[in-house]
Amino acid sequence: MSKKRMTLVFVLVCLMALVVVGYVSGVKDQRLIMATTTSTDNSGLLDQLIPAFEKGRNIRVDVVAVGTGKALELGRNGDADVLLVHAKSAELEFIDNGYGVNRQEVMYNDFIVLGPKDDPANIKGNSDALAVFKKIAAAEAAFVSRGDDSGTNKKELSIWKEAGIEPQGSWYQETGQGMGASLTIANEKQAYILADRGTYLAYKDKIELEILSEGDPLFFNLYGVMAVNPEKHEGINYDGAMEFIEFIMSKKGQEIIRDFTVSGERLFNPLNL
């Protein structure tokens with residue numbers, strides 16, 4: 001092979017290597033930041049959904065698990081690309097103010113009131129959410145609140161408000177932490193707590209608290225997914241967000257949600273099957 005030909009081959013090999021390196025680098029650099037609730041993270045659902053989404057795609061999903069209020073704040077600040085949260089009124093306000101687009105209602109479960117076996121407020125079997133909260137307050141029985149502006153915290157505060165009660169005093173304690181951590185603290189204190197059913201089922205074998213109240217329509221727990229508006233912030237991975245929304249609303253994504261169980265019990269119910 002002549003020297004000129006060898007040089008040409010060397011240049012071609014270098015160019016091909018640059019193309020390959022560039023492609024691989026592109027794969028690693030495609031990042032989607034999803035801000036979501038601790039309830040979806042603690043439940044284990046994301047461990048099923050995200051690998052299925054990433055498979056065959058050049059996108060890596062990084063999850064930030066926080067309360068719904070904090071997740072919406074991350075979206076408002078342009079620090080997340082897609083949100084999976086559960087506080088409908090706050091989500092709609094987020095959309096109305098132009099921070100989010102393409103909101104879809106993706107799944108639901110329900111809230112439940114857990115408490116100790118000796119049930120000092122005598123609420124067991126009572127499905128009336130307002131009556132249950134009034135009895136807990138009247139008994140000044142220990143109640144643990146997340147206190148973190150999460151979707152669960154927002155629901156809890158809305159029930160107190162509707163019951164005409166401003167919870168305060170030594171019996172009412174805020175953790176400022178996620179659902180799993182708050183469940184653990186409530187269990188240690190043998191206190192009442194409002195929890196989403198999905199996280200409870202995921203923690204059921206780790207705690208002694210029992211379901212004492214369920215079934216009130218006020219306990220309905222709806223999850224929404226939405227993209228952060230790319231017109232508000234530069235650098236939002238809008239295409240990736242839309243691809244994730246399309247996936248989670250697809251037959252495959254919805255079937256993963258439907259089929260995700262713990263000890264034979266479904267944690268979330270899909271809305272698009």
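Counting begins at 1 with the first residue of the sequence. Quick note: numbers below take in every heavy atom, side chains included, and nothing from hydrogens, waters or symmetry partners.
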Could you go through Arg57 and Gln30, starting from their C-alpha distance and side-chain angles, then the distance that decides it, and tell me whether this counts as side-chain contact (heavy atoms from CB on, under 4.5 Å)? CA-CA 9 Å; Arg57 291 182 172 86; Gln30 291 190 42; over 6 Å; no

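- Under the 4.5 Å side-chain criterion, counting only non-hydrogen atoms from C-beta, Ser263 is not in contact with Leu201.
- Using a 4.5 Å cut-off on side-chain heavy atoms (C-beta onward), Val106 and Ile257 make contact.
- Taking each heavy atom of Ala87 and Gly151 in turn, the nearest pair found is CB-CA, 4.2 Å.
- Between Asn187 and Lys206, the shortest heavy-atom contact is ND2-O, 4.2 Å.
- Donor-acceptor pairing under 3.5 Å is recorded for the side chains of Asp196 and Thr199.
- For Glu246, the CD atom is loosely surrounded, since the number of other residues' heavy atoms within 6.0 Å does not exceed 12.
- Summarising the geometry of Ala52 relative to Lys252, their closest heavy-atom pair is O-NZ, 4.4 Å, with the distance given to 0.1 Å.
- Looking at Ser39 and Thr37, their side chains do bring a donor and an acceptor atom within 3.5 Å of each other.
- Smallest separation of non-hydrogen atoms from Val132 and Ile123: CG1-CD1, 3.7 Å.
- Proximity of Met179 to Thr152: side-chain heavy atoms (C-beta onward) are separated by under 4.5 Å at one or more points.
- Counting only distance, with no hydrogens or angles, the side chain of His86 and the backbone of Ser150 share no donor-acceptor pair below 3.5 Å.
- In the hydrophobic cluster analysis, where Ile, Leu, Val, Met, Phe, Trp and Tyr join through side-chain heavy atoms closer than 4.5 angstrom, Val101 is grouped together with Ile248.
- Side-chain contact between Leu183 and Leu114: present, with at least one pair of heavy atoms (C-beta onward) separated by less than 4.5 Å.
- Formation of a donor-acceptor pair under 3.5 Å by the Thr36 side chain with backbone atoms of Leu84 is found in this model.
- In this structure, Ile256 and Phe247 have side chains that are in contact, with non-hydrogen atoms separated by less than 4.5 Å.
- Residue Val61 is not grouped with residue Val66 when hydrophobic side chains (ILVMFWY) are merged at heavy-atom distances under 4.5 angstrom, including chains of intermediate members.
- Among Asp81, Asn102, Asn229, the one residue that satisfies the side chain to side chain donor-acceptor pair (under 3.5 Å) test with Tyr238 is Asn102.
- The closest donor-acceptor contact from the side chain of Asp148 to the backbone of Gly67 lies at 3.5 Å or more, if one exists at all.
- Within the 4.5 Å cutoff, side-chain heavy atoms of Arg146 are placed close to those of Thr38.
- Taking CZ of Arg60 as the start and CD1 of Ile33 as the end, the distance is 9.0 Å to the nearest 0.5 Å.
- Side-chain heavy atoms closer than 4.5 Å link hydrophobic residues (I, L, V, M, F, W, Y) into clusters, and following such links, even through other members, never connects Ile159 to Ile112.
- In the displayed structure, Glu231 atom CD is contacted under 6.0 Å by at most 12 heavy atoms of other residues, nucleotides or ligands.
- Using a cut-off of 4.0 Å between Lys/Arg side-chain N and Asp/Glu carboxylate O, Arg197 and Glu265 are scored as not salt-bridged.
- Atom CD of Glu73 and atom OG1 of Thr68 lie 12.5 Å apart (nearest 0.5 Å).
- Considering CG of Asn153 and OG of Ser158, their distance stands at 10.0 Å, rounded to 0.5 Å.
- A salt bridge links Asp62 with Arg31: the distance from a Lys NZ or Arg NE/NH1/NH2 to an Asp or Glu carboxylate oxygen falls below 4.0 Å.
- Looking at heavy atoms from C-beta onward, Leu218 lies out of side-chain contact with Phe111 at the 4.5 angstrom threshold.
- When all heavy atoms of Gln190 and Glu208 are compared, the pair lying nearest together is NE2-OE1, 3.9 Å.
- Of the possible polar contacts, none joining the Tyr223 side chain to the Thr40 backbone as a donor-acceptor pair under 3.5 Å is found.
- A 6.0 Å sphere centred on CD of Glu93 holds no more than 12 heavy atoms belonging to other residues, nucleotides or ligands.
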Report the C-alpha distance between Met226 and Val85 in whole Å, list the side-chain angles of each, state the deciding distance to 0.1 Å, and finish with yes or no for side-chain contact (heavy atoms from CB on, under 4.5 Å). CA-CA 9 Å; Met226 69 208 76; Val85 291; 3.9 Å; yes

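- Rounding to the nearest 0.5 Å places CD1 of Ile185 at 12.0 Å from CD of Glu174.
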Run the numbers on Leu273 and Lys251 for side-chain contact (heavy atoms from CB on, under 4.5 Å), then give the verdict. CA-CA 6 Å; Leu273 273 181; Lys251 185 173 184 289; 4.2 Å; yes

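- Put simply, CD on Glu243 and OG on Ser250 are 11.0 Å apart, with the number rounded to the nearest 0.5 Å.
- Rounding to the nearest 0.5 Å gives a distance of 10.5 Å between CD1 of Ile236 and CD of Glu234.
- Scanning both residues, Ile193 and Leu209, for their nearest heavy atoms gives CG2-CD1, 4.1 Å.
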Give the C-alpha distance, both sets of side-chain angles, the deciding distance and a yes or no for side-chain contact (heavy atoms from CB on, under 4.5 Å) between Ser127 and Phe219. CA-CA 10 Å; Ser127 62; Phe219 289 148; over 6 Å; no

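- Listed by chain and number, the hydrophobic cluster partners of Leu222 are Tyr108, Phe220, Leu271, where partners are ILVMFWY side chains within reach of under 4.5 Å, directly or through others.
- Panel note: side chain Asp119, backbone Lys124; a donor-acceptor pair is recorded below 3.5 Å.
- Under a cut-off of 6.0 angstrom, the local environment of CD in Glu210 is crowded, with over 12 non-hydrogen atoms contributed by other residues, nucleotides or ligands.
- For the pair Phe143/Glu156, a side-chain contact is recorded, criterion being any heavy-atom separation below 4.5 Å from C-beta on.
- Taken together through direct or relayed side-chain contacts under 4.5 Å among Ile, Leu, Val, Met, Phe, Trp and Tyr, Phe94 and Val64 form parts of separate hydrophobic clusters.
- If you chain together hydrophobic residues whose side chains sit under 4.5 Å apart, Leu32 and Leu74 never meet in one group.
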